[in-house]
Amino acid sequence: MPQYVQFRLPDVGEGLTEADIVAWQVAVGDTVTVNQNIVEIETAKSLVELPSPYAGVVTELLAEVGDTVEVGTPIITVDTDPGGQAPDGGASDSSEFTQATGEQAPDGAASDAAVSPSATGEQAPAGEADETSGGVLVGYGTKSASPTRRPRKSAAAAPEDGATSSAGAPPTAGAAAAPASPAQPRTAPGAPAPAQAPPSGASERSVHVLAKPPVRKLAKDLGLDLNRVPGTGPGGIITRADVLSAAERSAPENYVKHRDDDRPWLDGGTVSANGRQTRVPVRSVRARTAEAMVASAFTAPHVTVFVTVDVTKTMRLVERLKGDRDFADVRVTPLLIAAKALVLAIRQHPMISAAWDDETQEIVYKHYINLGIAAATPRGLIVPNIKDAHRLSLHELAVEIANLTTTARAGKTQPADMADGTVTVTNVGIFGIDTGTPILNPGESAILALGAIDQRPWVHKGKIKPRWVTQLALSVDHRLVDGELASRVLHDVARVMEEPSQGLVWG
Amino acid sequence: MFTPGADGVNAPVGETDDDLIQLLTPDGERVHHQSYSPRVDHLDRVALEGLYRDMVLVRRFDTEATSLQRHGELGLWPPSLGQEAAQIGSGRAMAPRDYAFPSYRELGVVWTRGVDLRSTLHLFRGEDHGGWDPNEHNCHLYTLVIGSHALHATGYAMGVQRDGDVGTGDPGRDRAVVAYFGDGATAQGDISEALTFASVNDAPVVFFCQNNHWAISEPTQRQSRVPLYHRGRGFGVPSVRVDGNDVLASYAVTAEALERARSGGGPTFIEAVTYRMGAHTTSDDPTRYRTRADEEAWRRRDPIDRLRILLEREGTPPEFFTGLENEAEEFGAEIRDYCHAIPAPPIERIFEDVYATEQAQISSDRAWLTEYLAGFEEAAS
């Protein structure tokens with residue numbers, strides 16, 4: 001018979017309480033083997049792949065990519081006996097449902113009845129039943145079963161949850177009206193379990209709601225679930241005013257009445273009561289980007305210098321290299337020449353390759369160049385760097401840039417790849433932008449922005465000619481880089497891009 | 001991006017290090033060494049196959065335990081991946097009467113002492129403080145405190161001296177002790193203290209330092225200005241540096257050191273140069289502090305691969321390897337089943353092994369607890 005088991009998010013560090021789901025490596029219907037990697041998670045400490053404790057067929061994924069899941073929450077259901085025969089009497093009554101857990105095995109609480117439809121005529125007494133399921137279910141610490149289960153915290157929470165909380169219902173009031181919701185009831189596909197399970201977490205709590213019959217009728221007429229209305233009356237009684245104000249605040253269907261132009265267009269997040277805003281928690285790359293930007297912008301006084309430069313010869317060089325047999329295996333772009341020009345300019349002015357160490361009140365001069373390339377990826381902005389870029393030939397540099405961007409877009413960039421950068425290039429030009437004032441990658445003292453390269457009227461040898469022109473911007477940490485140094489570095493970058501043969505002189 | 005220092009602290013094995021003892025290259029070629037080769041001459045093909053099996057099964061166990069942590073079945077696991085040769089080679093050089101003091105990553109050592117590897121899971125599942133009887137296997141429990149057991153090992157070795165079990169010339173009587181620790185532990189005072197006492201007392205103890213290059217995230221060259229085996233010399237202890245990914249060399253140098261210790265020649269310091277291929281523990285993420293290129297370079301020096309090449313060349317039939325693969329898979333399943341069923345020890349266990357002999361305070365505590373627990377039974381009946 002089908003045997004459903006659930007895998008709960010384990011604590012993969014020591015004392016971690018939650019993790020983000022980064023990527024599922026299996027889908028519903030897939031067959032998994034023991035120790036096959038099923039999901040990639042990101043904790044406060046590391047990116048970790050979790051192997052399956054079970055062999056079988058995946059019947060449910062209980063968390064979505066991007067969800068922050070608390071340790072102990074079931075994340076996947078596997079049928080470990082998919083080919084098994086259902087005995088007479090219906091699969092639902094006899095299929096087993098067990099859970100593996102990094103936390104406590106569940107008690108025989110009511111919520112469990114929903115997920116373990118194992119009730120039969122010969123149901124053992126509650127205590128014994130616990131022991132049976134606890135014995136199968138193994139995770140360390142199963143012996144002292146806890147009566148409470150950690151609720152699932154999820155961005156993909158039911159919309160009404162979101163509506164209520166974003167409407168500002170005090171959590172304590174919500175708790176008073178109804179005990180904390182247990183993990184959402186889950187159904188096991190293939191088994192008609194839902195018939196036995198309560199239709200929602202709400203119905204089992206209805207008995208606790210205190211409201212007079214007319215108020216109940218009002219709520220019903222307004223299509224409002226009383227379980228979700230905080231009561232302000234004596235002893236938590238829900239009053240007419242409570243219902244009316246809740247009706248005003250909730251009703252996410254309101255937005256349907258709006259025209260299409262302000263309809264929510266995000267998949268995740270929490271839609272506000274009036275349907276005109278969506279709130280999305282800040283996580284992962286976005287959180288780290290924000291942290292880094294704030295740290296950088298508000299500790300290093302930035303100053304940015306600009307130069308507009310005729311890069312016609314750089315464009316000719318790029319064209320020539322595209323046809324060069326040695327460069328047949330890589331993409332040659334103006335970014336490559338800009339990166340090389342920056343490396344050469346830094347070699348002319350090594351003082352800019354430095355970092356401010358606030359703790360020791362020292363300036364740390366780097367004798368090497370780890371060249372960061374800002375990459376827009378599906379997960380957000382990341383800045384991996386090319387180690388020891390000063391040692392690389394132009395071809396090697398091209399290969400490294402290609403590898404680094406491919407790795408970044410595949411989401412495989414490792415933290416070490418982003419550590420210890422000394423300078424960064426950001427190519428805003430690919431978005432058609434003239435230039436920008438980039439913010440330093442923390443720990444670095446210079447960042448070069450490469451603008452769009454367009455044909456412009458340009459004075460060339462005394463005549464106005466159409467020339468390829470771009471703007472370069474260099475932001476520096478003004479604590480240790482003076483305007484003069486910044487200007488000289490940017491000038492030398494421009495010099496190489498204007499006349500690439502200068503690279504031979506400096507290379 | 002680490003560059004080898006002028007002193008060769010971080011020099012890659014076998015490339016620039018003339019002092020390194022190696023009997024088997026990463027390509028599976030035997031290297032002749034005047035004093036150490038004779039120490040492995042008696043290891044015939046069957047013996048080498050035994051060493052190979054040791055390493056494969058230990059690695060299988062380690063992989064399974066790492067997965068069990070990811071399943072949520074263990075609180076923590078320190079992978080020994082990549083360090084099998086240093087551990088198996090040195091462990092197999094020990095005689096039954098010798099005594100090992102492992103740190104917490106010595107799966108291979110524990111295996112050679114005849115301890116059921118599954119016993120190590122009790123500790124990391126949070127069920128037990130130990131997992132086996134040290135005196136049954138002459139193998140102390142895993143020590144989690146860095147370096148402290150080097151003192152225990154030295155003390156034990158001085159006890160062996162006082163029992164008169166050193167330098168009698170009777171192989172059934174003479175015995176020695178091996179203390180296992182890592183490169184990070186050499187920065188602990190305990191190791192220096194242990195070396196001091198061992199040296200001046202001529203204690204029969206071998207200090208076996210597995211330099212796996214990383215003290216969690218701290219590379220070796222940030223821990224020492226000199227190669228680690230020079231530390232031993234400073235204490236007047238004969239010291240040797242061996243390729244820790246070479247099971248034959250690890251065996252040979254340990255055999256020599258043990259012979260010296262048992263015969264009354266005093267301690268030896270062995271630096272086995274190896275590499276921790278996995279994380280420090282399952283709580284650690286090595287990608288934050290080391291590069292793929294670094295790991296890749298060491299993967300090419302894998303201790304198991306090189307012995308396999310040698311065995312294939314010396315005539316081990318393919319059936320041996322397929323048979324071993326099957327054995328390893330079954331082993332993996334056994335480990336999982338065992339882990340799931342580890343029982344909690346009886347609560348009275350907490351009073352055992354606190355003192356060697358019965359002690360008044362312990363006796364009264366035990367009596368109190370027994371009476372307290374009995375109270376529940378009466379109430380229930």
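Chain naming here is simple, since letters A, B, ... match the order of the sequence lines and numbering starts at 1 in each. Note that the coordinates shown come from a computational prediction; the quantities given were computed from them, not determined experimentally.
Within a 6.0 Å sphere centred on CZ of R222(B), other residues, nucleotides and ligands contribute 12 heavy atoms or fewer. Counted within 6.0 Å of CZ on R366(B), heavy atoms from surrounding residues, nucleotides or ligands total more than 12; the atom is thus considered enclosed. Within 6.0 Å of the CD1 atom in I350(B), the count of heavy atoms belonging to other residues, nucleotides or ligands does not exceed 12. For E371(B), the CD atom sits in a loose shell: 12 or fewer heavy atoms of surrounding residues, nucleotides or ligands are nearer than 6.0 Å.
Residues H71(B) and S52(A) share a closest heavy-atom pair of NE2-O, 3.1 Å. Scanning both residues, G72(B) and P10(A), for their nearest heavy atoms gives CA-CB, 3.3 Å. Across P415(A) and T287(B), no two heavy atoms sit closer than the pair CD-OG1, 3.4 Å. For L47(A) against D285(B), the heavy-atom pair with the smallest separation is N-OD2, 3.6 Å.
Using a 4.5 Å heavy-atom cutoff, the side chains of Q414(A) and T291(B) are not in contact. At least one side-chain heavy atom of N35(A) sits less than 4.5 Å from a side-chain heavy atom of E64(B).
One distance of note links CD of Q69(B) with CG of L50(A); it measures 9.5 Å at 0.5 Å rounding. Atom-to-atom distance recorded for I41(A):CD1 and R70(B):CZ is 7.5 Å, nearest 0.5 angstrom.
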